[in-house]
Amino acid sequence: MSRNIYDIDPAGNVLCTYTSVESQEDLRVQRTRIPTLRALLHAFLPAGYPHSVTPDYLPYQTYDSLQAFFSSITSLLANRAVLEGLGVGDSSSSPTGALILKIAGDTISRIATILFAHRLGTAIEPECKFYRFLADLLNDSAQLLDLLTPAMPYFPKLGVIISAGVLRSLCGVAANASKASLSAHFALRGNLAELNAKEASQETVVSLLGMLVGSLVVKIVQDKQVVWVLMVGLLGTHLMMNYWAVRSVRCRTLNRQRATMVVRECLEHGKVLGPEEVSGRESILQLGGGGFGKMTSKSGEYTGTCEFGTYGDVKALASWKGYHRYEFETEVYFMGICHWGGNFLMRIALKEEHGQKMSDTSASASSPLEAWFDAVSHAYHFDSALKDGLESHYENEVPLLGYTSEEQKGTVFAALAAAGWDLQTNALEARSPVRVRVGDGKKVLIPSEKDILRQPQVSKKD
C-alpha cells in the first residue's frame, strides 16, 4: 500500500510529491515542474498570490505600473528642460548661479515636506485614495513648471524652480503615506513587508522600460511645441491610469465619505452597502456627497459640513449671532449645529472613554462612528425639522436622539460588519484625535498589563 505526501505553497499549489510504499524503504520524489512564465511572475507577485492579497490588488498594480511607465517618460522630458534652464550646454551660463538655483529649490522643498507632513499627515490614511491621486496631480504640475525653466530669466526661473520643488515634495509625502496605507489594505496574511518589496521590483522593471522608451523620445523630439503637445498627452494618460488605479481599490474602512453614503442608504432604503458597491459610487476627488464631511438633507435643499473637533469648536457655534443654533450632549459626544438659510454647520467633540486609552482600537473606532451616524441622521431629517421655515425650528429642535434608537444603530453596525466593513479602525477623524474629559481635569490612570499582572491574587475563603 502506497501513501502520497505533498509540499504545497501558501496558495495551495503542489510543489513536490512524495510517494512511499510500505513494502519498500525507498521514497519516490517528484517535483512539480513550474512553467517559465509562472516562475517569472513569482519574482514580482507576493507569495501565495492570489490568496495572500485582496482581490483588488491585481487591477490596482496593473494600472499603477502603467502610470509609472508614462511618468518615467515625462520625467525625462522635464529633466531635460531643467538642465537646459540651469545652463547645461550654454557657455555663457554661470555654474555658481545654477548651483544657487538648485540649493534654493531643494531647501524650500524640504521645508515644505516637513510642514505638509505635520499639517496633513493624519488625514492621508483615511483619505488614501484621494491623496494617492493628488500626489500624481502635484507631480505632473511640477513637470509642467519644469518645461518653463529654459525660457525664464534668472529670478522668475528661481520662482518656477522653487514652486516645482514644493509641488514635488508635497507629492512625495502624499504618495509615500498613501502607498503605505494601500499596501496595508492589500496585505491579508501579515505579508506587508514582502508586498512592498515585490512592488519595488515591479516599479524597477517598469521604470527601466520607461527610461528606455523615454530615451528614444528625448532623442527624437526636439521641437518645443511638439514637446509640449507630447507632454500634455502623456500627462493626461498618466493621470487617467492613476485614476483607474485608485478607482479599483475597495477600501474596507469607513471614512467620512463612505460612512455618509452607507448611513444615508440605510436611512433611505434600509439597505446596507458593501465595500464593493461603495467603491463604485464614491468620488475620488471628494466632489460628491460626504466628501470632506459634506452632508445634505433628504430633499437636498439643505447642505452643510460636519467635522470632529474640540469642545471649544462646539461652543463657538453657539456664539454665532444672527443664526439659529443649538447644541446637545449624549453619553458619547457633544454636538453643536448652526443653521442659516439652506446651509448648516456641525461640530462634534467626542468624550473621553474612562478606563480606555485613546490608542485602543475598540475605544477609538466605535465612538466616532456612532457620532457620525447621528450627524448624518440629523442632516437627513433637516427637511422635517425645518419644514415650516426658521420660525418653526424652535418647535422642532428636539435633538436627533429620537431619530434612531441605540438598538437600531447596534443592528446597523452588526450588518455593516457582516457586509465586510472594518469597524475596528477609526478612519473618520482626519486630524489628531481630541477627546473631552468631563470632571476635574486630572489625568485618569489606566493600569497597564504589567500592573495588572503585578497585583496580588486574593484567594477566596470558604
Side-chain angles (χ1 to χ4, degrees), residues 67-121 124 130-178 207 210-211 213-243 285:
Q67 66 88 16
F69 173 78
F70 290 107
S71 181
S72 299
I73 300 175
T74 57
S75 296
L76 291 179
L77 292 172
N79 288 335
R80 182 178 67 176
V82 171
L83 292 175
E84 292 177 1
L86 293 177
V88 175
D90 186 358
S91 58
S92 62
S93 298
S94 170
T96 303
L99 181 61
I100 292 175
L101 289 174
K102 183 65 176 176
I103 292 175
D106 289 348
T107 301
I108 301 299
S109 65
R110 293 179 184 183
I111 295 175
T113 299
I114 298 173
L115 294 177
F116 186 71
H118 169 66
R119 294 294 299 175
L120 294 177
I124 295 178
F130 167 76
Y131 282 100
R132 180 66 190 91
F133 182 76
L134 178 65
D136 280 329
L137 187 62
L138 294 172
N139 183 67
D140 291 354
S141 301
Q143 291 181 355
L144 289 176
L145 289 178
D146 289 339
L147 293 183
L148 298 175
T149 53
M152 290 287 181
Y154 186 81
F155 287 104
K157 183 185 301 182
L158 176 61
V160 169
I161 290 178
I162 291 177
S163 300
V166 170
L167 291 175
R168 202 166 276 114
S169 66
L170 301 184
C171 164
V173 174
N176 293 333
S178 58
S207 297
M211 291 176 62
V213 176
S215 299
L216 297 177
V217 172
V218 170
K219 181 68 175 179
I220 297 172
V221 180
Q222 300 291 335
D223 185 78
K224 302 297 183 183
Q225 293 182 349
V226 177
V227 169
W228 273 97
V229 173
L230 181 62
M231 193 75 169
V232 171
L234 290 173
L235 291 179
T237 306
H238 168 248
L239 288 178
M240 183 172 61
M241 294 295 111
N242 190 272
Y243 179 83
L285 297 177

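Small disclaimer: the values here were computed from a predicted structure and weren't measured.
- Note that CH2 of Trp228 is 4.5 Å distant from CG of Leu148, once rounded to the nearest 0.5 Å.
- Between the CG atom of Asn79 and the CG atom of Leu86 there is a distance of 10.5 Å, given to the nearest 0.5 Å.
- Side chain of Asn242 to main chain of His238: no donor-acceptor pair is present (N/O by atom type, distance under 3.5 Å, no hydrogens or angles).
- One finds the CG atom of Leu234 at 7.0 Å from the CG atom of Leu77 (value rounded to the nearest 0.5 Å).
- Checked by atom type, the side-chain pair Gln143/Ser75 shows a donor-acceptor distance below 3.5 Å.
- Around CD of Gln225, the count of heavy atoms belonging to other residues, nucleotides or ligands within 6.0 Å does not exceed 12.
- Nearest heavy-atom pair, Leu76 versus Ser215, reported as atom, atom and distance to 0.1 Å: CD1-N, 3.6 Å.
- Of the possible polar contacts, none joining the Lys157 side chain to the Pro150 backbone as a donor-acceptor pair under 3.5 Å is found.
- With hydrogens and angles ignored, the 3.5 Å screen pairs no side-chain donor or acceptor of Tyr131 with any backbone N or O of Leu120.
- With hydrogens and angles disregarded, no donor-acceptor distance shorter than 3.5 Å links the side chain of Ser72 to the backbone of Gly210.
- Listed here is the closest heavy atom pair of Leu239 and Phe133: O-CE1, 3.5 Å.
- Minimum interatomic distance between Ala81 and Asp146 (heavy atoms only, all atoms of both residues): CB-O, 3.4 Å.
- The number of heavy atoms from other shown groups lying within 6.0 Å of CE (Met152) is above 12.
- Between the OG1 atom of Thr107 and the NZ atom of Lys102 there is a distance of 11.0 Å, given to the nearest 0.5 Å.
- Between Ser109 and Gly165, the shortest heavy-atom distance links the atoms CB-O, 3.2 Å.
- Going from atom CG of Asp136 over to atom OH of Tyr243 covers 14.5 Å, rounded to the nearest 0.5 Å.
- The CZ atom of Phe69 sits 11.0 Å away from the OG1 atom of Thr237 when rounded to the nearest 0.5 Å.
- Salt bridge absent: Asp140 and Arg168 never bring a charged side-chain N and a carboxylate O closer than 4.0 Å.
- Side-chain atoms of Ser178 never come within 3.5 Å of backbone atoms of Ile124 as a donor-acceptor pair (strictly under, hydrogens ignored).
- Residue Ile108 is tested with Ile103, Ile161, Thr113, Val166 for a side-chain contact (heavy atoms from CB on, under 4.5 Å); the sole match is Val166.
- Between the side chain of Arg132 and the backbone N or O of Ala175, no donor-acceptor pair lies under 3.5 Å.
- In this structure, Ala104 and Leu158 approach most closely via the heavy-atom pair CB-CD1, 3.7 Å.
- Taking both residues in full, the closest heavy atoms of Asn139 and Cys171 are given as CB-SG, 3.6 Å, listed atom of the first, atom of the second, then distance.
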